[in-house]
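Letters A, B, ... are given to chains in the order of the sequence lines, protein chains preceding strands, and every chain is numbered from 1.
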There are 2 protein chains.
Amino acid sequence: MKPESPRPASDTKERLLDTAERVFADHGFAGGSLRRITKEAGTNLAAANYHFGSKEGLIREVMARRLEPINREREARLERLLEEAGDAPPEVERIVEAFLAPVLRTKHELGDAGTTFMRLLGHAMNQPSDRLRDLLTDQFAGTARKFLAAFGRALPGLPPDEILWRMLFAVGAMTHTLAMSKHIVPLSGGLVDPTDVEDVTRRMVRFVTAGYLAPAAGAGAAEAT
Amino acid sequence: MKPESPRPASDTKERLLDTAERVFADHGFAGGSLRRITKEAGTNLAAANYHFGSKEGLIREVMARRLEPINREREARLERLLEEAGDAPPEVERIVEAFLAPVLRTKHELGDAGTTFMRLLGHAMNQPSDRLRDLLTDQFAGTARKFLAAFGRALPGLPPDEILWRMLFAVGAMTHTLAMSKHIVPLSGGLVDPTDVEDVTRRMVRFVTAGYLAPAAGAGAAEAT
DNA sequence: GTCTATATGGGGATAGAC
DNA sequence: GTCTATCCCCATATAGAC
């Protein structure tokens with residue numbers, strides 16, 4: 001919002017964030033040490049505490065730097081498509097795309113750092129009761145509510161709880177895919193190309209949209225256990 | 001395979017595994033210390049190294065104890081349904097169920113420990129190059145290949161790479177849901193009940209089956225970015 | 001098999017010079 | 001803003017008594 005500083009932003013601060021993102025993704029938040037991060041960033045140990053106050057402060061900035069723009073873009077896309085739809089119910093596929101594309105686009109723009117961040121997101125999601133976890137879910141809650149409302153309008157036949165479950169499934173499909181896609185290459189014998197973001201987006205949107213459009217449970221078939 | 005020892009198995013060894021599962025799930029593999037695990041298990045620090053050789057040995061046993069039976073059951077269910085189908089192509093929904101139900105059933109049987117293990121699985125999946133990661137993917141590869149072949153027969157219209165992607169989506173939907181289901185309760189205002197395993201299984205099978213049955217990409221719609 | 005005690009190293013955070 | 005040096009704590013692993 002305010003004019004960028006003329007030189008390439010601060011300097012070591014950005015380098016620390018980039019390095020921390022990678023190290024935390026590779027070793028987890030607990031396993032990634034400030035010593036390692038500052039060393040690989042080419043600065044000294046004290047710099048991390050100087051710029052971020054503490055290890056937790058660094059973690060929070062690493063996450064927020066990526067997540068805030070993603071959720072902003074998601075909401076902007078959603079608002080746009082709702083406006084275009086006017087009084088008519090919006091299309092499910094377009095809502096799904098508004099939800100997924102900003103993440104995939106971010107991953108694409110960031111290159112390797114994008115994949116790294118997706119793994120990092122996986123770590124963050126698995127923190128159970130930490131302040132960090134609460135931060136993430138709180139921040140996501142606003143975006144989630146807007147999408148849940150939109151899906152509710154697009155899928156009037158589905159009860160709200162079913163829509164909520166399906167959003168959880170969709171988020172899982174997305175985060176897991178982005179974090180793991182590299183690892184399915186050997187399993188496929190080189191069949192898949194996880195670097196083709198538009199291709200992956202198309203496949204993911206198709207799968208998730210079909211899931212949302214599945215008929216409601218009713219007197220369901222699947223005999224569990 | 002060999003006769004169980006008369007008393008409730010060893011004793012502290014099981015307690016250590018149970019405690020380690022919980023502590024690792026809460027704090028990650030790096031963040032969960034042997035000190036904490038042994039203390040909460042009510043034994044001494046040296047016991048962990050005595051029984052498992054090292055921290056890594058403990059981690060491996062924690063994971064293997066749950067994963068091996070799950071993948072065995074998955075394969076057994078798959079074989080059974082393939083036999084029943086005979087020469088006809090198997091039904092997609094039944095394959096999906098053979099893949100998902102053993103995990104959900106395990107989670108159900110284990111109660112709280114089941115949820116715990118699912119979070120733990122999330123941690124393990126996010127380890128990038130560790131030996132642990134390779135162990136998991138190697139072990140899963142055999143099961144995955146059998147399911148990919150079955151899906152190939154059930155969905156002759158889908159190219160193999162699409163089937164592979166969809167399996168990745170399905171695994172993500174499952175693991176993420178099982179790890180996070182507890183956290184969506186507040187978001188739903190109490191609408192959802194993650195403890196009703198048959199209910200969750202039915203919903204998940206329905207969503208994932210619809211995703212598998214979506215038409216192949218072709219000259220796809222979704223304009224990405 | 002279980003314990004205490006300890007060896008050895010790495011961790012986050014900070015003080016204070018430049 | 002960046003550095004070195006240091007405080008103090010916690011980690012894994014092991015030795016050796018019981």
**Student:** Less than 4.0 angstrom between a side-chain N/O of B/Ser33 and OP1 or OP2 of D/dC10, yes or no?
**Tutor:** no
**Student:** Using atom OH of B/Tyr50 as one end and atom P of D/dA13 as the other, report the distance to the nearest whole Å.
**Tutor:** 17 Å
**Student:** Once you round it to whole Å, what is the distance between P of C/dG11 and NZ of A/Lys55?
**Tutor:** 9 Å
**Student:** Hey, can you tell me if A/His123 and A/Phe29 have their rings parallel, tilted or perpendicular (30° and 60° cut-offs)?
**Tutor:** perpendicular
**Student:** Roughly how far apart are A/Thr209 OG1 and A/Arg94 CZ, rounded to 0.5 Å?
**Tutor:** 12.0 Å
**Student:** Tell me whether the OP1 or OP2 atom of D/dT12 has a side-chain N or O from B/Ser54 closer than 4.0 Å.
**Tutor:** no
**Student:** Less than 4.0 Å between a side-chain N and a carboxylate O, is that true for A/Asp161 and B/Arg203?
**Tutor:** yes
**Student:** Rounded to whole Å, please give me the gap between CG in B/Leu16 and C1' in C/dC3.
**Tutor:** 14 Å
**Student:** Between the protein and nucleotides 16-18 of chain C, which nitrogen or oxygen pairs are less than 3.5 angstrom apart?
**Tutor:**
none

**Student:** What is the separation between atom NE2 on B/His51 and atom C1' on C/dC3, rounded to the nearest whole Å?
**Tutor:** 12 Å
**Student:** So, does A/Thr43 get its side chain near the phosphate of D/dT2, meaning an N or O under 4.0 Å from OP1 or OP2?
**Tutor:** no
**Student:** Nearest-Å distance, CG (A/Asn49) to C1' (C/dA13)?
**Tutor:** 5 Å
**Student:** Between D/dT2 atom P and A/Asp11 atom CG, what is the distance in whole Å?
**Tutor:** 7 Å
**Student:** Nearest-Å distance, CZ (B/Arg15) to P (C/dG1)?
**Tutor:** 14 Å
**Student:** With a 4.0 Å cut-off on N to O distance, would you call A/Arg65 and A/Glu61 a salt bridge?
**Tutor:** no
**Student:** Take the protein atom CG of A/Leu45 and the nucleotide atom C1' of C/dG10, then report the distance between them rounded to whole Å.
**Tutor:** 11 Å
**Student:** Would you say A/Asp138 has more than 12 foreign heavy atoms packed within less than 6.0 Å of its CG?
**Tutor:** yes
**Student:** Is B/Asp11 salt-bridged to B/Arg15, going by a charged N under 4.0 Å from an acidic O?
**Tutor:** yes
**Student:** Hey, is the side chain of A/Arg35 pairing donor to acceptor with the base of C/dG11 inside 3.5 Å?
**Tutor:** yes
**Student:** Answer whether the closest heavy-atom distance between the side chains of A/Thr201 and A/Leu100 falls below 4.5 Å.
**Tutor:** no
